[in-house]
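Structure first, then comments.
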Amino acid sequence: MLITNAPKGTKDVLPSESYKWQYIEEKIRQICDLYNCNEVRVPTFEHTELFLRGVGDNTDIVNKEMYTFLDKAERSITLKPEGTAGVARCFVENSIFNNPMPIKMYYLNSPVFRYEQPQSGRYREHHQFGVEMFGSDEPTIDAEVISVAMDVFKKLGVGNLELNINSIGCSECRPKYNAALLEYIGSSIDKMCTSCQERYEKNPLRILDCKVPTCKEVVKNAPTTIEHLCEDCSEHFERLQKNLDSMGIAYKVNPQIVRGLDYYTKTVFEIITNSIGAQGTVCGGGRYNNLIEEIGGKPMPAAGFGMGMERLLMVMENDNVEIPEPKAVDLYIAATEDDAIIKSMEIARKLRAEGIKVEAPHMKKSLKAQMKYANKLNCRYVLMLWDEDIKNGEVLVKDMDENGEEKKIKIDEIVKEINI
RNA sequence: GUGGGUAUAGCUCAGUUGGUUAGAGCGCCAGGUUGUGGCCCUGGAGGCCGUGGGUUCGAAUCCCACUAUUCACCCCA
């Protein structure tokens, strides 16, 4: 029983639906190429330490959701719980900073693992498309990152999305903001939830994120990060908005967006839909100027996002986006006699070499059954091979349209005779 | 980790107030004379009624536990 059940929170992509993924992948690659953004492929697992340092050891993701284990040499290994840390590691390890900056890269269909309770739009293994751009602190990069995501949605025909942006400041203004927030909360902390009391000590910013009604009430009119940005961060955020305005990208400034990963600085954003249930964030990202240094590289500004492929597909299906189905079989070869069956494999191979999509007889069925099968394949032509005709180098070809016209042709001239 | 829903054939689901060999549609397989598809007709295969206990003369049906699944909280893509 257990062995024929996929592990909790995982999902098969069946041969009958993989074309949808391939379609999305193709469009994403086209968009990325236009941005001079090249694919990077990094491991599915990394040293646990990378995520502790990179993502942050007081985040939920690191605290309670990681798939961590010891390998046979007692190294602590973790299956990627997000995409950015691995790419950042790759950037440092391979000295990619020696390239002309900025350098842009993307990953596609990268598996991501989190031990969570599955629900609609949430899996224990899901797949992300993500973009990371290193080397520039200019807000044009933030805008460019967002622009890639918006272009992908546009290219795939997805509407009904809302871009939310915010700025959470840098190592200069964040501490000042934290102090202001703590002062505002004051003694009210006593009536807040236990996790907020923990956040109060370790990461006050995330109190804003809490969904517990009493906590929400306390911070309802709390000061926002935007109000406390230093001059540099403030200007950065303003210029980002000017960029988005001029690019025609609609957005909403939402001071509630703070994100659950510690590495973000300045810009954070989420692209949200309300059409796929409670888990409506299809894309999330921002700037992470301290991450590279945090994991041991030279200080390096960077920005990026992650996009959930499963959720993207859900949104597309909800929006009834038409995804072109794969091409049907061009030609089926029907044969019942032993010699003809052998000949069918020879012919199939030759036709495939000509670029024709061919299915050969593998099931030893009656001709009638084979014709039914060919019909279900929705194929254009059927070749009927008979021992007697083979002797003359001939074969009967049938057009499977409503007329069902048949004619006898030379085996050597099949490609010429059919219209594919 | 916490709540609610669901669990009958490959799929979508029926199954009356507990009562004989558990059903339908779709799909699959085979036929409907003289090697030929679509529509139609006939037949067939395929279910330990999620698992384990309990109540009862008798359980798919009632009760309990477990498991799976699903939705939601939390968090995030």
Closest of B:A72, B:A77, B:G37 to the A:His126 side chain is B:A77
For this session: Please check if the distance between the ring centroids of A:Phe129 and A:Tyr107 is under 6.0 Å.
Result: no
message = Let's test your reading of the model: under 3.5 Å, does the base of B:U36 pair with the side chain of A:Lys398 as donor and acceptor?
response = yes
- Using the P atom as the reference point in each nucleotide, state the distance between B:U16 and B:A7 in Å, no decimals. 13 Å
Pairs under 3.5 Å (Watson-Crick or G-U), crossing ones as [ ], inter-strand ones as |: RNA chain B comes out as (((((((..((((.....[...)))).(((((.......))))).....(((((..]....))))))))))))....
ask   = Within the modelled atom types, does a donor on one side and an acceptor on the other bring the side chain of A:Arg122 and the base of B:C74 under 3.5 Å apart?
value = yes
Once you measure the plane-to-plane angle for A:Phe269 and A:Phe305, does it fall in the parallel (<30°), tilted (30-60°) or perpendicular (>60°) bin? perpendicular
**Message:** So A:Gly130, base contact, sugar-phosphate only, or nothing? Heavy-atom distance under 4.0 Å.
**Reply:** nothing
*Mark yes or no for a side-chain to base donor-acceptor pair under 3.5 Å between A:Gln119 and B:C74, with no hydrogen or angle criteria applied.*
yes
Q.
Is it the case that the base of B:C75 and the side chain of A:Gln279 share a donor-acceptor contact (distance under 3.5 Å, atom types as modelled)?
A. yes
Atom CD of A:Gln117 and atom P of B:A72 are separated, to the nearest Å, by 13 Å
Closest of B:U36, B:A77, B:C74 to the A:Leu396 side chain is B:U36
- Answer yes or no: side-chain N or O of A:Arg114 and base N or O of B:C75 forming a donor-acceptor pair under 3.5 Å. no
Aromatic ring centroids of A:Phe45 and A:Tyr67 under 6.0 Å?
no
A:Asp401 atom CG is separated from B:G38 atom P, nearest whole Å, by 15 Å
Short N/O separations, protein against nucleotides 28-30 of chain B, under 3.5 angstrom:
from	atom 1	to	atom 2	distance (Å)
B:C29	OP1	A:Lys365	NZ	3.1

Side-chain contact check for A:Leu261: nearest option of B:G35, B:A72, B:A77 is B:A77
By nearest-nucleotide position on RNA chain B, the 5'-leaning member of A:Met309 and A:Ser120 is A:Ser120
To the nearest angstrom, the CD-P distance between A:Gln370 and B:G38 comes to 14 Å
